[in-house]
There are 2 protein chains.
Amino acid sequence: MKRKITLKQIARELDVSISTVSKALRNSAEISDDTKQKVQAFAKLYNYRPNNIALSLKNRRTNTIGIIIPEIVHHFFSKVISGVELVANKRGYNVIIGLSNESFSKEVINMEMLANGSIDGFILSMSKETLKLQDYHHFNETMTQGMPIVMFDRVVSDVKCDKVIVDDFNGAKKAVGKLIENGCKSIALITTKDYVSVGKLRTQGYLEALEEHQMPPKAELILKIDESLDYEAHLEALEKEIEQLFQSNPKLDGVFAVNEIYALLAMKVARKLGLDVPNDVQVIGFTDGVLSKHATPSLTTVSQHAQQMGEKAAELLIDKLESEFNSADEVFQTVVITTDLVKRESTK
Amino acid sequence: MKRKITLKQIARELDVSISTVSKALRNSAEISDDTKQKVQAFAKLYNYRPNNIALSLKNRRTNTIGIIIPEIVHHFFSKVISGVELVANKRGYNVIIGLSNESFSKEVINMEMLANGSIDGFILSMSKETLKLQDYHHFNETMTQGMPIVMFDRVVSDVKCDKVIVDDFNGAKKAVGKLIENGCKSIALITTKDYVSVGKLRTQGYLEALEEHQMPPKAELILKIDESLDYEAHLEALEKEIEQLFQSNPKLDGVFAVNEIYALLAMKVARKLGLDVPNDVQVIGFTDGVLSKHATPSLTTVSQHAQQMGEKAAELLIDKLESEFNSADEVFQTVVITTDLVKRESTK
DNA sequence: GAAAGTAACGAAAACGTTTTCGTGTTAAAA
DNA sequence: TTTTAACACGAAAACGTTTTCGTTACTTTC
């Protein structure tokens, strides 16, 4: 087990100073060609690579970005990471991850753990608990210490930073508009409680679409799920709620759900009640996950372009990191990623 | 934008030496209670946190582990990460990720990028290309430099390191055994080319199960998919192949697939050909992904316990990192995670 | 009152780099 | 021959810690 070789060792071995070795390796004009060749050959032989930690300490930048997400076992988030990683690597950065598990305190701890020099900036999506508590002090503190943050998807106007969001409102509006065009007269909405910003916006899109077509919204067609627990735990309870929705609205012929699982459950319930999808009921979901593509019938969805979000977030962050000179002007941008309606078998 | 405060600044402010500040904060007995209180109060006020990079340089350990996987947008791998992150965080480590995208060169580059001081050890699953090329020099070089590696899932006996694998052989055997018990007489296998080690082992399990029940294997019942490209790209071609399989084997009444997608496609094809699942054909897949749970009919699968694999891999790595004194004895272990057959609707 | 001990603190090295600023040697110019 | 310039290299500081080893000044002890 030979340890990694350092400048000092090369210097001792070749009987020159550390400075000379360093300069020789960086092809400085100060060093004679003879010495350069000697040093470079030796370095190559021993496969010398500068120690990243030492560089980070010296340069006061780590070329690493931290990404904090509520959970990783989730198609949307892993796709975002994928996008972040792509541009980060291309621009010479590493990516370090932290999972909040939708918990406020884990989010805070994770950020503190990384903020002490380990990374140059954050890309993050807030936990549900943080959204509920509306406590954003950790974001603001991080930023006053000169560490930039880019938020994506779940954002909040109280925190001033760069943001990348999906056009939830118009995505939902388009989807519901599509259902109406397709002849649906009684369209249900399955959404989340309002503190999840994206759920709220999608709900507004639903309402707007109805209004635009002079269809009065009905409270009994709107089902708001409390997501404070994770889905998997009470899938059955959820299914019951949706079944209730169908039974108390016999004329139901369209469903817009704010995520994949809700949409799939709606289809399952429909089938159970003897309704055909898409002939009796048409269903549209939100998110471009794997489930939609492989479901039967496959699910028409509003695609969020998660990868593109990740790429854009990384671009924004790295641009900010590498501009540097500003700091006073502090102009933040919000990039909106437009959604696409991906037509599949669950709509006519 | 106030920069993070350092020991030096505290020292200057309080008119003591850096050493005194450091010792005071660590509650050293050398420092008087008076001074300790003064320093600690000041540090708290300014929210002092030691700089991780400086600590890493001094201690020559980063408390960070690197994880390199073929892709992250994949339920199995993200679940493994989730497990790694869980125990890593619990034991005070961060996790930094690298994606190889199933490419050999990206795997090498990623490892080199991280191996220069950024991390203390690797957890990784090899890319398909690496398995095909059988070039493992980067693993061995990394290890000779004193950086431990734990491999999971896709492993190879040529590399001597700790490993965490799934009991592919017995998992497959149990699954096929179950199909036979359920009365299947003609069981197809949908697998990958042999260079993917897990595909190979699962194939062997299939054959073993047949043999144990005195059922001669038939070549025309075995479909080996070339996975060098990713699925998504040629889903349709794949479907055609599977359809071919069904048509040339009219008596087919059972399918064992080495992953979820293949299994789902088999069900899709069956339905298309007017066959009922599970009454005419029974299907079992491998991997405990989301698709299986939410498919219709839901898919019986061999569960791999991905999260548990991640946890175990992290345990192994951190144990090794924190034992230290060895280095000569070098005893490597291979932990086998047992599989479970999760019964759902696609089997009787 | 001298020797010994103790309490409280500081200087400096070390981790591995890069970079600024000497410094000594040699070659060219005066 | 003396001054100047170019060349090739080294010493040292800096990044932010921790830790070892002094070094004071004061208190015991005999």
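Owing to the predicted nature of the structure, the values given are computational and were not obtained by experimental measurement.
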- Message: Please check this pair: side chain of A:S125 against backbone of A:F152, looking for a donor-acceptor N/O pair closer than 3.5 Å.
- Response: yes
- Does a salt bridge link B:E13 with B:K38, judged by any charged N lying under 4.0 Å from a carboxylate O? no
- Between D:dA8 (P) and A:K36 (NZ): distance, integer Å: 9 Å
- Message: Rounding to 10°, can you tell me the angle the first-five-pair axis of the helix from C:dG1-D:dC30 to C:dA30-D:dT1 makes with its last-five-pair axis?
- Response: 70°
- Task: Identify whether any heavy atom of A:S19 sits under 4.0 Å from a base atom; if not, whether one sits that close to sugar-phosphate; answer base, sugar-phosphate or nothing.
- Result: base
- Classify the nucleic acid contact of A:T35 as base, sugar-phosphate or nothing, counting any heavy atom under 4.0 Å across all strands shown. sugar-phosphate
- Message: Strictly below 4.0 Å: does A:R61 bring a side-chain N or O up to OP1 or OP2 of D:dC15?
- Response: no
- Query: Closest to the B:N51 side chain: C:dG10, D:dT17, D:dG10?
  - Reply: D:dT17
- A:K58, nearest nucleotide to its side chain (from C:dC15, C:dT17, C:dC9): C:dT17
- What residues, two or more places apart in sequence or in another chain, satisfy ring-ring contact (aromatic ring centres under 6.0 Å, His included) together with B:Y136? none
- Note on the structure: Whole-Å distance, A:D33 CG to D:dC7 P, equals 12 Å
- Message: Under 4.0 Å from OP1 or OP2 of C:dC15: is there any side-chain N or O of A:K8 that close?
- Response: yes
- Item | Of B:I31 and A:I18, the one whose closest DNA chain C nucleotide lies more 5' | B:I31
- Query: In whole Å, what is the span from the CG atom of B:N59 to the C1' atom of C:dA14?
  - Reply: 11 Å
- Message: Can you tell me if B:Y48 touches the phosphate of D:dT17, counting only side-chain N or O atoms and a distance under 4.0 Å to OP1 or OP2?
- Response: yes
- When A:L7 and B:E30 are each assigned the nearest nucleotide of DNA chain C, the 5'-most assignment goes to B:E30
- Query: Please give, in whole Å, the distance from D:dT18 C1' to B:I53 CD1?
  - Reply: 16 Å
- Query: In terms of side-chain heavy atoms, does A:R61 have a donor or acceptor partner in A:N63 at a distance below 3.5 Å?
  - Reply: yes
- Between D:dT17 (P) and B:R49 (CZ): distance, integer Å: 12 Å
- Query: Does the side chain of A:N51 come within less than 4.5 Å of A:L7's, by heavy atoms?
  - Reply: no
- Touch class at under 4.0 angstrom, heavy-atom based, for B:L55 against every strand present: sugar-phosphate
- Will you find, in the side chains of A:S17 and A:T20, an N or O donor that is under 3.5 Å from an N or O acceptor? yes
- Over how many whole Å does the gap from B:L57 atom CG to C:dA13 atom P extend? 17 Å
- Query: Separation of B:N116 atom CG from C:dC15 atom P, in whole Å?
  - Reply: 18 Å
- Query: What's the CG-P distance between A:D34 and D:dC7, to the nearest Å?
  - Reply: 15 Å
- Query: Do the rings of B:F104 and B:H138 sit parallel, tilted or perpendicular, given the 30° and 60° boundaries?
  - Reply: perpendicular
- Task: Please check if atom OH in B:Y46 has more than 12 non-hydrogen atoms from other residues, nucleotides or ligands closer than 6.0 Å.
- Result: no
- If you look at every strand shown and take non-hydrogen atoms under 4.0 Å, does A:S32 touch a base, only sugar-phosphate, or nothing? sugar-phosphate
- Note on the structure: Which of C:dT17, D:dT19, C:dG10 is nearest the side chain of B:R26? It is D:dT19
- By nearest nucleotide on DNA chain D, pick out whichever of B:A54 and B:K23 is the more 5' one. B:A54
- Task: Tell me whether the OP1 or OP2 atom of C:dG16 has a side-chain N or O from B:R60 closer than 4.0 Å.
- Result: yes
- Task: Determine: side-chain N/O of A:S22 to OP1/OP2 of C:dT18, distance under 4.0 Å, yes or no.
- Result: yes
